[in-house]
2 protein chains.
Amino acid sequence: MNNENQIVDALRKRGNKVTPQRLVTIEVLMTLGQQHFSVEELFQGVKQRNPEVGMSTIYRTVQILEEMGLITKRNFDDGFARYELCELDEKHWHHHLICVKCGKVIEMQDDFLEALEKEIEEKKDFIIINHELKVYGYCSDCYGITKGE
Amino acid sequence: MNNENQIVDALRKRGNKVTPQRLVTIEVLMTLGQQHFSVEELFQGVKQRNPEVGMSTIYRTVQILEEMGLITKRNFDDGFARYELCELDEKHWHHHLICVKCGKVIEMQDDFLEALEKEIEEKKDFIIINHELKVYGYCSDCYGITKGE
DNA sequence: TTAGGTGCAAAAGCTTTGCAATGCT
DNA sequence: AGCATTGCAAAGCTTTTGCACCTAA
């Protein structure tokens, strides 16, 4: 479970300083939950609580949080990097169904891939630390609309 | 099978014109084969054969080829979009093992995911048209090196 | 002929960086 | 005090666009 205090401690342990800017950033991070946020969106949230904070600070903080393994970069081809909070405790990844019509991203919890992973590690001599599955298609809202196309 | 003539025909059928620039671009595309090429790399290849061609022409041609479904955009987080030739005939996707140490990308042919796809289509009410699996980890060259880290 | 294509240079957008001032620890 | 951090502005990157000129069909 990632709460603010844990993150703050981890920052100090890394030799990073805990500034008001970072505190606010972490706060907003928590409110964003499991969403796929862009740096811009994070920045907007932070600015609401403290208009003084600069964009580059957010970028730098995001970099640190990524190095710490607290957030992961995702790419949904919408022009900017997106991140999401990692679930540190469980090695339980989720996948994304991406609607090519409306762009909606549906999350899917399913560890179907464990068998595949084992096979890869054996056959390919590759040590797996993470994986990412994106499935493109039409969501239920868009399927009907598109049908006659 | 995608040969140059097929692509040329498809271009004309779409109402696009077949210019020398596009011919060279397609030529180079063939030599790049199944590699994951960036627009810059494609541009370099084209420039060797015809130094007059401008970068924006390559970008525009790549856009058209993508719309035509002949190439697909991939993202390996190295700063720019990468593309690869599609295999039109077979619905036979391949996946990527990405080494987080040296950046090497290993391709993997395996249609393990068909069962998963069926389940998604049923459970999630989602019509799948494509998928993309990226597996991050250490390749055989880097595993030993990293071991003692 | 004429609609689409081309090259160049400029613009766009996201992201990074240099630097002087600031502030955790 | 010492060194990481900050905010700003400028720079860096890839990618897109405007425009006048060209060219395939």
Side-chain angles (χ1 to χ4, degrees), chain A residues 4-5 7-28 36-44 46-68 71-83, chain B residues 4-5 7-29 36-68 71-83:
Chain A
E4 270 183 64
N5 291 334
I7 299 183
V8 166
D9 289 346
L11 272 173
R12 290 219 175 83
K13 210 166 286 172
R14 261 176 54 106
N16 285 113
K17 285 174 181 165
V18 177
T19 63
Q21 291 92 330
R22 284 185 184 161
L23 278 175
V24 179
T25 305
I26 294 168
E27 249 178 71
V28 175
H36 311 113
F37 60 90
S38 64
V39 177
E40 176 65 32
E41 282 159 9
L42 184 53
F43 177 52
Q44 291 309 327
V46 171
K47 234 167 61 173
Q48 278 185 3
R49 307 188 185 213
N50 181 352
E52 309 282 293
V53 181
M55 183 69 143
S56 49
T57 300
I58 307 292
Y59 268 104
R60 287 188 273 231
T61 301
V62 162
Q63 249 168 29
I64 291 175
L65 295 172
E66 197 187 1
E67 281 169 25
M68 292 169 72
I71 59 178
T72 318
K73 193 188 278 187
R74 301 279 182 194
N75 188 304
F76 298 115
D77 280 326
D78 61 350
F80 24 68
R82 291 190 169 278
Y83 295 84
Chain B
E4 270 182 66
N5 291 335
I7 299 184
V8 166
D9 289 347
L11 272 173
R12 289 218 176 83
K13 210 166 284 171
R14 261 176 55 106
N16 284 113
K17 285 172 181 166
V18 177
T19 64
Q21 290 93 331
R22 283 188 184 159
L23 277 175
V24 179
T25 304
I26 293 168
E27 249 178 72
V28 174
L29 196 63
H36 310 112
F37 61 89
S38 63
V39 178
E40 177 65 32
E41 282 159 10
L42 183 54
F43 178 52
Q44 291 309 326
V46 171
K47 234 168 61 175
Q48 277 186 3
R49 307 188 185 213
N50 181 351
E52 310 281 293
V53 181
M55 182 70 144
S56 49
T57 300
I58 306 293
Y59 269 104
R60 286 186 274 232
T61 301
V62 162
Q63 248 168 30
I64 292 175
L65 295 172
E66 196 186 2
E67 281 169 25
M68 291 169 72
I71 59 178
T72 318
K73 192 189 279 186
R74 301 279 181 194
N75 188 302
F76 298 115
D77 280 326
D78 60 351
F80 26 68
R82 291 190 169 276
Y83 295 83

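Remember, it's a predicted structure, so these values are computed and weren't measured experimentally. Computed over heavy atoms, backbone and side chain alike; hydrogens, waters and symmetry mates excluded. Per chain, numbering begins at 1; letters A, B, ... match sequence-line order.
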Could you check how far [atom1] of [X] sits from [atom2] of [N], rounded to whole Å?
X        : N       : atom1 : atom2 : answer
Gln21(A) : dT5(D)  : CD    : P     : 11 Å
Phe76(B) : dT14(D) : CZ    : C1'   : 17 Å
Gln63(A) : dC14(C) : CD    : C1'   : 13 Å
Asp77(A) : dC14(C) : CG    : P     : 14 Å
Met55(B) : dA11(C) : CE    : C1'   : 16 Å
Asp78(B) : dC14(C) : CG    : P     : 19 Å
Tyr59(A) : dA11(D) : OH    : P     : 19 Å
Asn75(B) : dT14(D) : CG    : C1'   : 12 Å

[X] side, atom [atom1]; [Y] side, atom [atom2] - distance, nearest 0.5 Å:
X        : Y        : atom1 : atom2 : value
Ile71(B) : Arg82(B) : CD1   : CZ    : 13.0 Å
Glu27(A) : Ile7(A)  : CD    : CD1   : 11.5 Å
Arg22(A) : Ile64(A) : CZ    : CD1   : 4.0 Å
Ile58(B) : Leu42(B) : CD1   : CG    : 5.0 Å

Item checked: Residue pair Thr57(B), Thr19(B): steps toward the side-chain contact (heavy atoms from CB on, under 4.5 Å) verdict -> CA-CA 11 Å; Thr57(B) 300; Thr19(B) 64; over 6 Å; no
Check: Heavy-atom distance under 4.5 Å between the side chains of Gln48(A) and Val28(A), does that happen here?
Finding: no
Item checked: Pairwise side-chain contact, His36(A) with Phe76(A), heavy-atom cut-off 4.5 Å (strictly under) -> yes
Let's see if you can work this out: which of [options] has an atom nearest to the side-chain heavy atoms of [X]?
X        : options                   : value
Val39(B) : dT6(D), dT15(D), dA24(D)  : dT15(D)
Val18(A) : dT25(C), dA25(D), dT16(D) : dT25(C)
Ala81(B) : dA24(D), dT6(D), dT15(D)  : dT15(D)
Arg60(A) : dT25(C), dT6(C), dC8(D)   : dC8(D)

Notebook entry, point to check: Does OP1 or OP2 of dT6(C) have a side-chain N or O of Thr19(B) closer than 4.0 Å?
Noted result: yes
Margin query: Counting only side-chain nitrogens and oxygens, does Asn16(B) get under 4.0 Å of the OP1 or OP2 atom of dG4(C)?
Written below: no
Notebook entry, point to check: On DNA chain C, nearest-nucleotide positions of Arg22(B) versus Ser56(B): which is more 5'?
Noted result: Arg22(B)
Check: Going by heavy atoms closer than 4.0 Å, what residues in residues 41-53 of chain B are next to DNA chain C?
Finding: Glu52(B), Val53(B)
Next item on the list: Look at all strands and tell whether Phe80(A) reaches a base, only sugar-phosphate, or nothing, counting heavy atoms closer than 4.0 Å.
Entry: sugar-phosphate
Notebook entry, point to check: With a non-hydrogen cut-off below 4.0 angstrom, is Arg12(A) in contact with a base, only sugar-phosphate, or nothing?
Noted result: sugar-phosphate
Note to self: Looking at Arg14(B) and dG4(C), is any side-chain donor or acceptor paired with a base atom of the opposite kind under 3.5 Å?
What the structure shows: no
Item checked: Residues Gln44(B) and Glu40(B): side-chain donor-acceptor under 3.5 angstrom -> yes
Check: 5'-most contact on DNA chain D: Ile58(A) or Gly15(A), nearest heavy atom basis?
Finding: Gly15(A)
